[in-house]
Amino acid sequence: MQYGYFDDQNREYVITRPDTPLPWINYLGCQAYFGIISNTAGGYSFYRDARLRRISRGRYNNVPLDDGGRYIYLRDDETGEYWSPSWMPTCRDLEQYTCRHGMGYSTIGSKYHGISARTRYFVPLDETLEVWQLTLRNDRLTPAAISAFSLVEFCLWDAQDDSTNFQRNLSIGQVEIEDGVIYHKTEYRERRDHFAWFACSDPLSGFDTQRESFLGPWRGWDKPAAVERGKASNSHAHGWSPIGSHHVKLVLQPGETHQIVFILGYHENPKDQKFDPPDSQTVNKKTVKPVIAHYRDLANVDAAFDKLRNYWDRLLGICQVVTPDIHTDRMVNVWNAYQCMATFNMSRSASFYESGIGRGLGFRDSNQDLLGFVQMVPERARERILDLAATQLPTGGAYHQYQPLTKKGNNDIGGNFNDDPHWLIIGVSAYLKETGDWSILDEPVEFDNQPGSAQPLYEHLRRSFHYTLERLGPHGLPLIGRADWNDCLNLNCFSDTPGQSFQTTTNKEGKVAESVFIAGLFVLAAKEIAAIAQRRGLDEEAKKYLAEGARMEETVRQHGWDGEWFIRAYDDSSQKIGSKECAEGKIFIETQGFCVLAGIGLEDGRARQALDSVRKHLATPHGIVLQQPAYSRYYLNLGEISSYPPGYKENAGIFCHNNPWVIIAETMAGDGDNAHDYYSRINPSARERISDVHRCEPYVYAQMIAGRDAPTHGEAKNSWLTGTAAWNYYAITQWILGIRPEYDGLRIAPVVPERWQGFQAVRKFRGVTYRITVRRAGKGNAVSMTVDGKPVPGAVVPPPAAGKTEVNVEVKLG
Ligand code: GLC
Ligand code: GLC
């Protein structure tokens, strides 16, 4: 069953009924001002940091699920009837409801009693504001007297404080109202130099800024008293709960259309010019007024929207494909790339499942996210790499997260995850391959943001590598620390206290528990850093890295192989985890994927064997589960992984992030059928027709799909912010379609299903547009290539002569 359809032409997902199984959201903003918006206009906005600069409130994890947002109410002033054109919060029986989620905007429209209303929500490029562009049309045969009310509830900036410290907050809310603009200035009187504002393009017939005056006592968003009586009360918030609501009255003739624009913005003033006059307590509005005036003009709003469209056309134009599979095309050309941008911007902080309070940008997560978006915004990837590296500790270890606003690392979600440092090597090498910008390695970057500690970025990579060498366990495998990629495999934790965080609680100084996963990651990182060293002319150093990598590979062969698959880890008493000797958790996905991805076992048949074991023990129609059998009870020596009921999250859920590791591994083993088959099992578009089972958005990946041990097998959860986005994009574009940036050019090495007769692609790479046509000539994956009509040996398209910006590549596959 479906709740909508893809409009491929317009790059929109069109939701055709408001009561989706879960709120289906989109992101507004892609630079500094962001918001999440659901298909019923729920959600909230923030400037840069979803915790420390939260502008508006959404009431997440509530009932109904999606409560609070960017609401508009319409009222028929003759009958007194009122409704929300976005369905929530009044939930009337709307006609012709559609929500079009597009690239950086959402348009929600409906019709009710002959009045059509469509609201386009978006954040203009280079601005710190959002626009709600409401178009009303009277489809009746008689004139219609209509009242429109806007509604936003202000969050008092620190989202954490807002939900915990109301003994203070209920007394500090402040607003100003001037020329119909509502200025939200809580805490501006003291240390803040920023405020929010909410403006409207039409003359007002009233406004409200105090929630209780708008709603009336004992009422919710579904029956605001102001709307019911058709009159705002011009309330002025003093403490309690500031809101912004404009009231506009209109008469629409039959067939008449009218547009109203509501604009919600964030603005900063220089510290010494906060007030106007200077010795007053009145917000200085000199620099914000021109912005407000600009967007009150409808022509400017349309121009801003066109600019946003062009921006996305350009970004998505970097890689476009036509394959025999519509789901592949859709994800590659539009949605997967788009999701990669969201994960780059948000990391794991703000979604329908992440509160925006708990997590900033993760070190491991953000480095992996680079794989998916570096081609789109290389300048921002560069900045992100340098920011991440500056939170690395002098030991080579890393803070697990940093706050986007301060860019400082912190231990709020734990530390000592021993895989962390290597992701920096993986991220930087992806950046170098895409851009060829070697200068980044010489950028001075501090350790732990400490002044005076700066060293070239390259030195950071060295320390990442050495971090593991200094932390090897009894078998010569890397010590796991608090956990590796799998946050929940807590082998040094031994937590028996209810509620204690597995992520942050004091751990045993583990000198025994080892991770085969980190070993695989290390082998891959060794190859990457060696290639970088070589290109810097450091041959001896490169050899050392390769030798260490080879040694680790040998260790994995000896102590990390279980006969038919790779072991997962050794626990604190040196017992195997992920082995046939275990009662539960006999086989894990991570090491099968990652060890092969690192090249281990490709020559001696173990890779194939490990992948066959994945197919036999872990693959389900809904994707590949994380391990089997699921842990049926809590194991003190394993930690959080066994805290989840079987089939959910890390306990044998389909943790989509690691499925692409197996997909890539399959391509490395040469099996395009298997690779694309796994790819399709979790491809959201391919799952659209089972939306009633999948339940999350059919246009983006979710972190998890319930595994076969769960009663809800196939149900997705935690959509949008997941490493799945970057890894799947990387897997499909660079490994299945095989269009792979390398240091010396673009490699074309497709490993596609045997039945595919070919495909076409346009890929922009280092300023050159490559038009690629692949035709199948036989069964295998061997490539023979002509470039602009001339045969070229190998599979790497060499960079064209200077000045040439278009290249035609014809590939025969067989
Ligand atoms: C979450 C975390 C990620 C971790 C994964 C597996 O997605 O953000 O860092 O690797 O879970 O535990
Ligand atoms: C929990 C989740 C895991 C996440 C971690 C960090 O352990 O299961 O997926 O990465 O929290 O917040």
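Order of listing sets the numbers, starting from 1, for every ligand and every atom in it.
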Exercise for the section: Output the list of atoms in ligand 1 that are nearer than 4.0 Å to some heavy atom of Arg364, sorted by atom number. Expected result: 3 (C), 4 (C), 9 (O), 10 (O)
Practice task
Give a yes/no verdict on a cation-pi contact between Arg54 and Trp157, requiring under 6.0 Å between NZ or CZ and the six-membered ring centre and an angle within 45° of the axis.
Solution key: no
Practice task
Do me a favour and list the nearest non-hydrogen protein atom to atom 5 (C) of ligand 2 with residue, atom name and distance?
Solution key: Asp487 OD2, 3.5 Å
Fill in the blank from the handout: Quick look: Asp365 vs ligand 1, heavy-atom contacts under 4.0 Å, and the answer is side chain
Completion exercise
The atoms of ligand 2 lying under 4.0 Å from a heavy atom of Lys649, numbered in the order shown, are 2 (C), 3 (C), 8 (O), 9 (O)
Exercise for the section: Pick one of side chain, backbone, both or neither for how Glu640 approaches ligand 1, counting any non-hydrogen atom pair under 4.0 Å. Expected result: neither
Problem - Flag side-chain contact, heavy atom, 4.5 Å: Trp485 against Phe417 - result: no
Handout entry: atom 10 (O) of ligand 1 [closest protein heavy-atom partner, distance rounded to 0.1 Å]
Key = Trp485 O, 2.6 Å
Problem - Within 45° cone and under 6.0 Å: Arg633 NZ/CZ vs Tyr631 ring - result: no
Fill in the blank from the handout: In this structure, atom 11 (O) of ligand 2 is nearest to the protein heavy atom Gln503 NE2, 3.9 Å
Practice task
State whether Asp161 and Arg51 are salt-bridged, where the test is any N-O pair (Lys NZ or Arg NE/NH1/NH2 against Asp/Glu carboxylate O) under 4.0 Å.
Solution key: no
Completion exercise
Tested for side chain to side chain contact (heavy atoms under 4.5 Å, CB included) against Asp484, the lone hit among Leu521, Ile518, Asn418 is Ile518
Exercise for the section: Validate the cation-pi geometry between Arg463 and Phe447: distance from NZ or CZ to the six-membered ring centre under 6.0 Å, angle to the ring axis within 45°. Expected result: yes
Practice task
For Thr722 and ligand 1, answer yes if some heavy atom of the residue is under 4.0 Å from a ligand atom, otherwise no.
Solution key: no
Practice task
Fit a plane to each ring of Phe517 and Trp661, take the angle between them on a 0 to 90° scale, and name the class: parallel (under 30°), tilted (30 to 60°) or perpendicular (over 60°).
Solution key: parallel
Practice task
Look at Arg348 together with Asp369 and state whether they make a salt bridge at an N to O cut-off of under 4.0 Å.
Solution key: yes
Exercise for the section: Quick one: look up the protein heavy atom nearest atom 3 (C) of ligand 2 and list residue, atom name and how far away it is. Expected result: Glu650 OE2, 3.2 Å
Exercise for the section: Considering heavy atoms of the protein only, find what lies nearest to atom 8 (O) of ligand 2 and give residue, atom and distance to 0.1 Å. Expected result: Tyr644 OH, 2.6 Å
Practice task
Please identify which atoms of ligand 1 are closer than 4.0 Å to at least one heavy atom of Arg359.
Solution key: 2 (C), 8 (O)
Fill in the blank from the handout: Out of Arg348, Gln368, Gln703, the nearest non-hydrogen contact to atom 1 (C) of ligand 1 is supplied by Gln703
